[in-house]
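What follows is a single structure, written as structure tokens, with notes after it.
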Amino acid sequence: QVQRVQAPSSATAPAAMASDEGGGGGDDGGVEAAGYEAAMTAEFREMVPPDADFEVCCTENAGRYMTSTKALDPGYEYLIEAPLVAWPLTSQLMEALSGDEDLPSWPRTTPWCERCLCYLPESSPSASSTAGAGSAADAPRRVRRRVSQKRSRALHEGGGLMAAMEAAGDEDLLAAAYCADCEERGRRKLLPFLPPRLLWRWRRWQARRSPESCVGLEAFGRCLAQIAATAAEARSSLGLPPAEAVQVAWRPFERLIGPPDGSGVLLHGTGAEAVAAELSASEPFRGAVLAAVGCPEVASQLLSAASVDFLAGRLALNAVGIQVPRSGPGGEALRAAALYVLLSTMNHACSPNAKVAFDSCSTVTLSTSRVVEAGEALTLGYVTGDLLLVERRAKLQHWFFHCDCLQCETEERVAGALSSIGASAGLA
């Protein structure tokens with residue numbers, strides 16, 4: 001039994017839910033905190049299938065964490081989750097292009113789907129046009145590198161977003177590579193925001209500033225495009241005004257844990273102001289965001305440095321490094337990063353009882369690595385357990401916590417005992 005959980009649509013999330021930044025202080029702070037934890041637990045309960053083998057809880061001491069609801073055998077796959085957002089890492093792409101400023105600003109084709117990052121084999125126009133005849137089970141992820149304007153308007157009902165795309169007057173905006181699975185599931189809605197030429201412009205912008213950064217301009221652009229596209233759906237399907245629609249669209253990102261109060265995340269080689277300025281100057285991205293939210297003021301707030309700063313903490317603490325087989329340059333594994341709402345609730349242990357795997361795209365499979373008892377927390381290793389205790393704890397400071405898992409406590413006690421024996425021997 002495998003639970004397949006798609007990243008939830010925020011268009012149905014409660015718009016009035018408090019953000020992860022918490023409420024105000026006052027004499028009722030403890031009551032408010034308890035109410036917030038209960039609300040978060042209930043919200044995650046709505047996201048998890050009723051017959052799932054795990055649940056997500058929220059407490060003041062442990063934060064959000066995932067536990068098993070029954071005993072699980074080793075190798076048991078208990079969750080398959082599609083990412084909220086995924087993006088390729090700039091460093092590998094620039095290595096493939098040699099970083100030469102004289103090279104074209106973007107390749108004519110990419111070997112990966114720009115949504116799920118799966119490998120896209122080269123196919124002829126005739127093969128692409130007939131690929132839809134079979135089912136997804138009959139063949140690997142099918143390729144449609146081009147879509148007609150008529151088809152695109154059908155995907156974007158009303159044509160509002162499409163108009164921003166057509167206004168740029170560039171046929172290349174219609175040439176993004178998407179697998180047929182993503183197109184059929186409506187994930188192509190991000191195309192007006194993220195045409196290939198713009199994505200490669202962003203990648204080169206990032207390469208000039210901090211090519212090794214996992215959280216770069218493209219990551220922010222993809223997240224904000226997702227928010228804007230979801231806001232458009234909320235306006236259309238729920239009849240919400242722009243500000244409320246954007247509030248609803250933020251919700252999946254607010255579920256991700258952020259830095260502690262008073263802490264922040266520094267962006268290597270750049271900053272929130274520079275990222276916000278570049279996003280606001282990027283067309284057709286800015287025009288598509290404006291068309292999606294339907295209000296210039298709300299669009300400006302969405303693309304502000306404050307939005308980038310808020311996302312920076314969530315991205316830095318929750319982004320997962322992944323490798324997608326065959327999707328990278330020259331047939332290599334594509335190095336990428338992604339955000340997963342449910343996976344992000346799993347706490348760390350230096351001897352974890354779960355592991356992640358990626359097959360042909362950015363969708364992650366979580367399985368047990370040993371026997372897990374009912375009610376036991378399901379954990380992952382944020383860092384390798386082979387490092388020394390002091391090295392592990394130093395690396396884990398990235399996530400703002402001091403690890404006191406069973407392995408760390410055991411090693412600490414052993415080290416203390418050996419130190420005491422050494423001190424006694426020295427005195428003798």
Side-chain angles (χ1 to χ4, degrees), residues 1-7 41 44-45 47-59 61-83 256-257 317-325 333 337-418:
Q1 181 185 4
V2 178
Q3 305 300 331
R4 299 179 181 271
V5 180
Q6 177 69 36
T41 299
F44 276 107
R45 187 179 296 120
M47 296 169 53
V48 177
D51 58 344
D53 304 310
F54 66 92
E55 62 181 357
V56 176
C57 304
C58 181
T59 64
N61 292 332
R64 276 153 278 192
Y65 61 97
M66 185 182 291
T67 64
S68 62
T69 55
K70 69 176 186 180
L72 304 178
D73 293 328
Y76 185 86
E77 296 181 351
Y78 62 90
L79 172 63
I80 297 177
E81 184 179 13
L256 303 172
I257 195 69
L317 298 186
N318 297 278
V320 177
I322 64 177
Q323 295 196 35
V324 184
L339 287 176
Y340 302 88
V341 175
L342 292 175
L343 182 150
S344 69
T345 66
M346 296 184 65
N347 281 342
H348 164 83
C350 295
S351 295
N353 56 21
K355 58 184 179 181
V356 301
F358 301 91
D359 184 11
S360 60
C361 63
S362 55
T363 296
V364 63
T365 299
L366 290 165
S367 62
T368 55
S369 55
R370 61 169 174 80
V371 173
V372 177
E373 301 298 333
E376 184 178 351
L378 291 159
T379 57
L380 293 171
Y382 295 2
V383 300
T384 176
D386 296 336
L387 297 173
L388 296 175
L389 173 63
V390 64
E391 294 174 328
R392 294 200 307 274
R393 284 182 166 170
K395 286 182 175 292
L396 290 170
Q397 286 301 309
H398 170 83
W399 290 275
F400 298 97
F401 73 90
H402 178 84
C403 186
D404 57 358
C405 70
L406 179 61
Q407 179 175 333
C408 286
E409 287 188 342
T410 301
E411 292 181 16
E412 197 166 37
R413 286 197 298 267
V414 170
L418 292 175

Taking the side chain as every heavy atom from C-beta outward, state whether [X] and [Y] have any pair of such atoms under 4.5 Å apart.
X: Leu343; Y: Val364; answer: yes
X: Leu387; Y: Lys395; answer: yes
X: Ile257; Y: Ser344; answer: no
X: Leu342; Y: Phe44; answer: yes
X: Arg392; Y: Cys403; answer: no
X: Tyr65; Y: Thr345; answer: no
X: Leu339; Y: Leu256; answer: yes
X: Ser351; Y: Leu406; answer: no

Heavy atoms only: give me the nearest [X]-[Y] pair and the separation to one decimal.
X: Ala337; Y: Ile322; result: N-CG1, 4.1 Å
X: Ser68; Y: Ala374; result: OG-CA, 3.7 Å
X: Thr41; Y: Cys58; result: OG1-N, 3.1 Å
X: Tyr76; Y: Asp53; result: OH-OD2, 2.7 Å
X: Cys350; Y: Cys405; result: N-SG, 3.5 Å
X: Met47; Y: Val341; result: CE-CG1, 3.3 Å

Output the distance between atom [atom1] ([X]) and atom [atom2] ([Y]), rounded to the nearest 0.5 Å.
X: Leu79; Y: Leu378; atom1: CG; atom2: CG; answer: 9.5 Å
X: Asp386; Y: Glu391; atom1: CG; atom2: CD; answer: 10.5 Å
X: Cys57; Y: Met66; atom1: SG; atom2: CE; answer: 10.0 Å
X: Phe358; Y: Thr363; atom1: CZ; atom2: OG1; answer: 9.0 Å

Report task. Indicate yes or no: does Arg393 engage Glu412 in a salt bridge with an N to O separation below 4.0 Å. Result ->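 Answer for the salt bridge query: yes.
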
Query raised in the report: Side-chain donor-acceptor pair under 3.5 Å between Asn318 and Tyr340, yes or no?
Result: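 Distance-only check fails for Asn318 and Tyr340.
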
Report task. Could you verify whether a donor N or O on one side chain and an acceptor N or O on the other, from Glu55 and Thr69, lie under 3.5 Å apart? Result ->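 No pair is found: no donor N or O on one side chain lies under 3.5 Å from an acceptor on the other.
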
Query raised in the report: By side-chain hydrogen bond (donor to acceptor under 3.5 Å, both in side chains), which residues pair with Glu376, not counting sequence neighbours?
Result: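 Glu376 satisfies side-chain hydrogen bond (donor to acceptor under 3.5 Å, both in side chains) with Asn353, Arg370 once adjacent residues are dropped.
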
**Report entry** Derivation and outcome, side chain to side chain contact (heavy atoms under 4.5 Å, CB included), residues Arg413 and Thr410
**Finding:** CA-CA 5 Å; Arg413 286 197 298 267; Thr410 301; 3.7 Å; yes

Query raised in the report: In chain order, what residues pass the side chain to side chain contact (heavy atoms under 4.5 Å, CB included) check against Ser367, with sequence neighbours excluded?
Result: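 Counting only residues at least two positions away or on another chain, Ser367 forms a side chain to side chain contact (heavy atoms under 4.5 Å, CB included) with Glu77, Lys355.
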
Requested in this report: Any ring pair (Phe, Tyr, Trp, His ring centres under 6.0 Å) involving residues 374-393? Give me the pairs, sequence neighbours left out, ordered by first then second residue.
Outcome: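 Sorted result for residues 374-393: His348-Tyr382, Tyr382-Trp399.
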
Query raised in the report: Do Leu366 and Tyr78 pass the side chain to side chain contact (heavy atoms under 4.5 Å, CB included) test, and can you show the C-alpha distance, the side-chain angles, and the key distance before you say yes or no?
Result: CA-CA 6 Å; Leu366 290 165; Tyr78 62 90; 3.7 Å; yes

Query raised in the report: Within the side chain of Thr368, is there an N or O that forms a donor-acceptor pair under 3.5 Å with the backbone of Leu72?
Result: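 No, Thr368 side chain to Leu72 backbone: no donor-acceptor pair under 3.5 Å.
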
